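Below: one structure, written as structure tokens.
The figures that follow rest on heavy atoms only: side chains count, while hydrogens, waters and symmetry mates do not. In each ligand, atom 1 is the first atom listed, and ligand 1 is the first ligand listed. Note that the structure is predicted; figures quoted are calculated from it, not measured.
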Amino acid sequence: MSDTIIVWFRRDLRLDDNPALEAALRAGARILPVYIHAPDEEAPWAPGAASRWWLHHSLESLDGALRARGARLWIGQGKSLALLRRLAETSGARAIHWNRLYDPATRARDTEIKQQLRAAGLDCASHNGALLFEPWEAATGNGGPYKVFSAFWRHCAPRLAEHPDPIAAPARIPTVELDGGATVAELGLLPRLSWDQGLAANWTPGEDGARMAAEHFLAGPLGGYGKLRDHPDRPGTSRLSPHLHFGEIGPRRLLALTRAALPAPPTLGEDAFARELGWREFAYHLLYHFPQTPEHPLDARFADYPWREPSDTELLERWQRGRTGIPLVDAGMRELWHTGWMHNRVRMVAASLLTKNLRLPWQLGARWFWDTLVDADLACNTLGWQWTAGCGADAAPYFRVFNPVRQGERFDPNGDYVRRWCPELARLPDKVLQQPWTATNTTLARAGVGLDLNYPAPMIDLAQSRREALAGWERIKTTP
Ligand SMILES: Cc1cc2nc3c(=O)[nH]c(=O)nc-3n(C[C@H](O)[C@H](O)[C@H](O)COP(=O)(O)OP(=O)(O)OC[C@H]3O[C@@H](n4cnc5c(N)ncnc54)[C@H](O)[C@@H]3O)c2cc1C
């Protein structure tokens, strides 16, 4: 009888190009595929509500794919270490393979598990299934981590060509039958009150859904990605972020697909896309080297920034509900609430309004995104929030405050995006759509808009609040 190896699935919910699975199969073993639901072990960043919804469907999809190959997903709940130990005993497994995670809580847990299981005589091996480059592979001239994206990517991009080809999913998976285990439904990941219709209408979680989304992107938006990726009014990006987060498609496969889809030498679109994947790599690089950053600013001077009292919950709630009175921001926050996703350009603008104009601590926004995004990812979310708040890895020599009106005029020039998510403004002329407070009463009345009646007046004076944000920066910028 051949050996048994446990493959512990986590955020690598796929069979294609899965290094842990591949290594176990290469060893000629029977595979016991396992998923353990242990949100406490991810605290304080246990998956939020939108992520749990996604996870439910992704696990069902993985189980289906395993069953189609003769295996099934054994699902457990509780302490990972205890469960893995018990599973190894009952199945007679001699080894456990998994793909690495990089957030501080799961890193510490996995290190502990590796030590304990090795001490118990089990062979444990971790692999890279999530990244193009391990966070420790890139180092500056003096051996430290990068803090500037362009330098990081200059180091990494030439090495992209060195990647081995991704590994195809196995046709069959020899397995060992084990009784017990929970069903996906028993994990209770779905909401009790059904608020998830918008998610279901917009997404197909799972490996097949990831492949479909990738193919759709390759056949269309990829060609114009360099030009259109900043436009929330156009379907110009891949929308692969939740699939990447849950590991339903690996970055190596994605890169290989984009390379194959475009003529050589790479077009602007392809390079721009690889570069965005590079931002994801950079986010993991930063989180790995600065594990305090989900809570604390990378730039320590920001500990003294004059943030507004977080107890001012009315401002936060208006922002969360898309009732700020700033159309582009409201459109984004409503898109997020409805679909679990927001376009990157609008994420930056919405985050800038919260942290710069409203001067609310960025951690509040990061938490809201964490709960509502289907792609909530500790590395990328932390990078995005710190970058926008100005306390992260941004090489700009000035304190950036996005002007949401100009951003709307530039990236949503016909107002399609704002009109879609703020239909009460739909009949306003383009000229005032991004700033209805400048419209005359006649224009407003003709368009059926009543400020503070069916659409809020702006909750903040953009120019004045910008000046205050800059003054706050002046106060801390020379702090040693
Ligand atoms: C405040 C804020 C919060 C964010 N929170 C998250 C988050 O929780 N999870 C998340 O995946 N992304 C986050 N981002 C980054 C970015 O907005 C999303 O990755 C992107 O919008 C996903 O859409 P897409 O898949 O169509 O991207 P595409 O443009 O198609 O890019 C392809 C992939 O590259 C990666 N990528 C692209 N841009 C970035 C970026 N700026 N930083 C890191 N990776 C990037 C993503 O994995 C993305 O799926 C955040 C950005 C900001 C400004």
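Contact analysis puts F273 in contact with ligand 1, with a non-hydrogen atom separation below 4.0 angstrom. Using a 4.0 angstrom heavy-atom cutoff, F282 does not count as in contact with ligand 1. The shell of residues lying under 4.0 angstrom from ligand 1, judged by heavy atoms, excludes H245. Within the 4.0 Å heavy-atom shell around ligand 1 one finds R239.
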Verdict with reasoning, D208 to R211, per side-chain contact (heavy atoms from CB on, under 4.5 Å): CA-CA 5 Å; D208 288 348; R211 197 44 99 97; 5.6 Å; no
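A salt bridge links R334 with E424: the closest approach of a Lys/Arg side-chain nitrogen to an acidic carboxylate oxygen falls below 4.0 angstrom. Using a 4.0 Å cut-off between a side-chain N of Lys or Arg and a carboxylate O of Asp or Glu, R100 and E134 qualify as a salt bridge.
If you check the side chains of N357 and S465, you find a donor sitting under 3.5 Å from an acceptor. Residues H245 and D377 have side chains that bring a donor and an acceptor to within less than 3.5 angstrom of each other. No side-chain donor-acceptor contact under 3.5 Å links S194 and D196. Side-chain polar atoms of S58 and E248 form a donor-acceptor pair below 3.5 angstrom.
Residue W279 approaches ligand 1 through these ligand atoms, each under 4.0 Å from one of its heavy atoms: 39 (C), 40 (C), 42 (N), 43 (C), 44 (N). For ligand 1, the atoms sitting less than 4.0 Å from at least one non-hydrogen atom of W341 are 22 (C), 23 (O), 26 (O), numbered in the order shown with element in parentheses. Those atoms of ligand 1 that come under 4.0 Å of a heavy atom in A376, given as number and element, are 8 (O). Taking a cut-off of under 4.0 Å to the non-hydrogen atoms of F369, the atoms of ligand 1 that pass are 1 (C), 3 (C). Close approach to L240 involves these atoms of ligand 1, each under 4.0 Å from a residue heavy atom: 25 (O), 49 (O).
R301 forms no cation-pi arrangement with W473, by the criterion of a distance under 6.0 Å to the ring centre and an angle within 45° of the ring axis. Relative to the ring axis of Y305, K477 does not place its NZ or CZ within 45° and under 6.0 Å from the centre. A cation-pi contact, defined as under 6.0 Å to the ring centre and within 45° of the axis, is absent between R52 and W54. Under the 6.0 Å distance and 45° angle rule, R11 does not count as a cation-pi partner of F246. Taking the ring centre of W45 as origin, the terminal cationic atom of R367 falls inside the region bounded by 6.0 Å and 45° from the ring axis.
No side-chain heavy atom of V34 sits under 4.5 Å from any side-chain heavy atom of L73.
The closest heavy-atom contact to atom 2 (C) of ligand 1, among the options P221, A389, G384, comes from G384. Taking only non-hydrogen atoms, the option from A350, S241, A379, G236 nearest to atom 11 (O) of ligand 1 is S241.
Shortest contact from atom 9 (N) of ligand 1 to any protein heavy atom: D375 O, 2.8 Å. Nearest protein neighbour of atom 31 (O) of ligand 1, counting heavy atoms only, is Y225 OH, 3.5 Å. The single protein non-hydrogen atom nearest to atom 33 (C) of ligand 1 is L277 CD2, 3.8 Å, given as residue, atom name and distance. Of the protein's non-hydrogen atoms, the one nearest atom 30 (O) of ligand 1 is S238 OG, 2.6 Å. Here the protein heavy atom with the shortest distance to atom 41 (N) of ligand 1 is N344 OD1, 4.0 Å. Protein heavy atom at the shortest distance from atom 45 (C) of ligand 1 is E276 O, 3.7 Å. The closest protein non-hydrogen atom to atom 5 (N) of ligand 1 is N381 OD1, 3.0 Å. The protein heavy atom nearest to atom 12 (N) of ligand 1 is C380 CB, 3.4 Å.
Expressed to the nearest 0.5 Å, how far OG1 of T258 lies from CG of L222 amounts to 6.5 Å.
Of all the heavy atoms of A283, none lies under 4.0 Å from any atom of ligand 1, so neither backbone nor side chain is involved. Residue D377 touches ligand 1 through backbone and side chain together, judged by heavy-atom distances below 4.0 Å. Residue contacts with ligand 1, taken as heavy atom pairs separated by less than 4.0 Å, do not involve W387 at all.
The shortest N/O to N/O separation between T388 and ligand 1 does not fall below 3.5 Å.
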